[in-house]
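As the structure is a computational prediction, the values presented were derived from the model and not from experiment.
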Amino acid sequence: MASIIQVMDFSDPALTPYARLRETQLEHYYEPHGGLFIAESPKVIERALGAGYEPVSILAERRQQESERETREIISRCGEIPVYTAEYELLTRITGFTLTKGLLCAMRRRPLPPADQILAKASWIAVLEKVVNPTNIGAIFRSAAALGMDAVLLTPDCSDPLYRRAVRVSMGTVFQIPWTIFPKECAWPEKGLALLKRHGFLTAAMALKEKSLSIDDPALLEAGKLAVILGNEGDGLSEATINGCDAAVRIPMFHGVDSLNVAAASAVAFWELGKRR
């Protein structure tokens, strides 16, 4: 049974993972044995638990812990871990933003699977190059899961999908779709693209180039295995990546608009390229 502990003081050491550590510090919390991430809201925490992530502690608004059925059910699923409760005002001060559901859970990270393992089982994947905004990462994962992509692979310079904001924006879908980060020894783009091609993927760079294919081009829709590659929020994909891909692909646009936010572009691409699977 969980141990319920009332928190009265913002400086309480028990709040350190929630209040005083940067994302990178959480990532290496148990170095050399991995780290932590923070899941927020009942739905997100339920999805993380369902995917087998191990809870370490819970921080809950006192009113939620006492009266909300969802919160009580999650606490009961987590076994004998500390459950810290605080008044709403303290909880908001701890997190730095207003919570719609007053529930946070610190969870252990797991080792990422090898890229080869994911690629061997996937047919339609998203590859993210230097996407650095956690909100965009979360939105892309949500679209990838909802629209039928098999997996997401990220270059090492992307924002971490387990950063709190990315997890929250993804609505926990980061726990529902396989993903990994290209290892540093698999240098992107040369070795990373070569790895995709060894696994039989047609590589499609989302890029506004003169000879870009329209996103509904039959050559793309007939591909047996397809990797949709999306780039940085400001600069898009690197020239080396575009030149190394089998095709450049564009989304037709109107009213003089030349591009979409990467998260919006990913949703359009996943829907159009996935609908004839």
Side-chain angles (χ1 to χ4, degrees), residues 112-133 136-137 139-141 143-144 147-161 177-253 258-274 276-277:
L112 292 175
D116 275 309
Q117 178 180 314
I118 286 182
L119 294 173
K121 299 177 181 178
S123 296
W124 290 62
I125 66 169
V127 177
L128 309 185
E129 177 186 279
K130 204 176 181 180
V131 177
V132 297
N133 186 313
N136 285 332
I137 292 285
I140 292 169
F141 266 83
S143 293
L147 299 174
M149 303 302 283
D150 296 324
V152 179
L153 276 73
L154 305 94
T155 61
D157 44 13
C158 284
S159 180
D160 192 314
I177 184 169
W179 64 274
T180 197
I181 299 170
F182 283 102
K184 290 184 178 179
E185 61 269 21
C186 186
W188 182 266
E190 293 83 3
K191 291 184 178 180
L193 289 174
L195 177 64
L196 296 176
K197 292 176 183 181
R198 283 201 302 274
H199 280 270
F201 284 89
L202 178 74
T203 52
M206 299 297 299
L208 297 170
K209 291 295 181 180
E210 184 178 345
K211 296 184 179 180
S212 294
L213 300 177
S214 176
I215 199 167
D216 59 355
D217 190 287
L220 299 171
L221 300 176
E222 293 168 5
K225 299 181 77 173
L226 181 67
V228 182
I229 304 176
L230 299 124
N232 173 263
E233 292 88 346
D235 301 323
L237 290 171
S238 68
E239 287 296 322
T241 297
I242 296 169
N243 293 335
C245 284
D246 297 310
V249 181
R250 70 180 185 280
I251 298 170
M253 298 185 195
D258 63 0
S259 64
L260 293 173
N261 166 273
V262 65
S266 74
V268 174
F270 300 160
W271 165 251
E272 181 63 39
L273 294 172
R276 295 193 187 182
R277 290 184 63 180

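- Contact record, Ala144 with Val152: CB-CG2, 4.0 Å, taken as the closest heavy-atom pair.
- The minimum heavy-atom distance between Met149 and Ala126, with the atom names listed, is CE-N, 3.8 Å.
- Every residue was checked against the side-chain hydrogen bond (donor to acceptor under 3.5 Å, both in side chains) condition with Asn232, not counting sequence neighbours, and none meets it.
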Donor-acceptor contacts under 3.5 Å from residues 260-270 side chains, at least two apart:
unit_1, atom_1, unit_2, atom_2, d
Asn261, OD1, Ala263, N, 2.7
Asn261, OD1, Ala264, N, 3.3
Asn261, ND2, Asn136, OD1, 3.4
Ser266, OG, Ala263, O, 2.6

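- For the side-chain contact (heavy atoms from CB on, under 4.5 Å) test, residues two or more places apart in sequence or in another chain that qualify with Asp217 are Leu213, Ala219, Leu220.
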- Can you list the steps and then say if Leu154 with Val131 is a side chain to side chain contact (heavy atoms under 4.5 Å, CB included)? CA-CA 8 Å; Leu154 305 94; Val131 177; over 6 Å; no

> Under the side chain to side chain contact (heavy atoms under 4.5 Å, CB included) criterion, do Trp271 and Leu273 qualify, and how do the steps go?
Replying inline: CA-CA 6 Å; Trp271 165 251; Leu273 294 172; over 6 Å; no

Side chains of residues 188-196: which donor-acceptor pairs under 3.5 Å do they make with residues two or more places apart or in other chains?
unit_1, atom_1, unit_2, atom_2, d
Trp188, NE1, Glu129, OE1, 2.6
Trp188, NE1, Thr241, OG1, 3.3

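- Between the Asp150 side chain and the Ile125 main chain, no donor and acceptor come within less than 3.5 Å of each other.
- For the pair Ile215 and Val249, the tightest heavy-atom approach, listed with the atom from each and the gap, is CA-CG1, 3.7 Å.
- The nearest pair of heavy atoms linking Pro161 to Ile137 is CA-CG2, 3.8 Å.
- With sequence neighbours excluded, the residues satisfying side-chain contact (heavy atoms from CB on, under 4.5 Å) with Pro114 are Gln117.
- Remark: Leu119 CG to Arg198 CZ distance equals 9.5 Å, nearest 0.5 Å.
- To the nearest 0.5 angstrom, Leu153 atom CG is 8.5 Å from Leu128 atom CG.
- In this structure, the side-chain contact (heavy atoms from CB on, under 4.5 Å) partners of Lys197, at least two apart in sequence or on a different chain, are Thr203, Asp246.
- Among all heavy-atom pairs drawn from Ser212 and Ala207, the shortest one is OG-O, 2.8 Å.
- Expressed to the nearest 0.5 Å, how far CG of Asp160 lies from CD1 of Ile181 amounts to 5.5 Å.
- Contact record, Thr180 with Pro113: OG1-O, 2.6 Å, taken as the closest heavy-atom pair.
- Using a 4.5 Å heavy-atom cutoff, the side chains of Glu272 and Asp216 are in contact.
- The distance from the CH2 atom of Trp179 to the CD1 atom of Ile140 is 13.5 Å, given to the nearest 0.5 Å.
- Listed by first and then second residue, the salt bridge (Lys or Arg N to Asp or Glu O under 4.0 Å) pairs that reach into residues 225-242 are Lys209-Glu239, sequence neighbours excluded.
- Under the side-chain hydrogen bond (donor to acceptor under 3.5 Å, both in side chains) criterion, Asp157 pairs with Thr155, not counting sequence neighbours.
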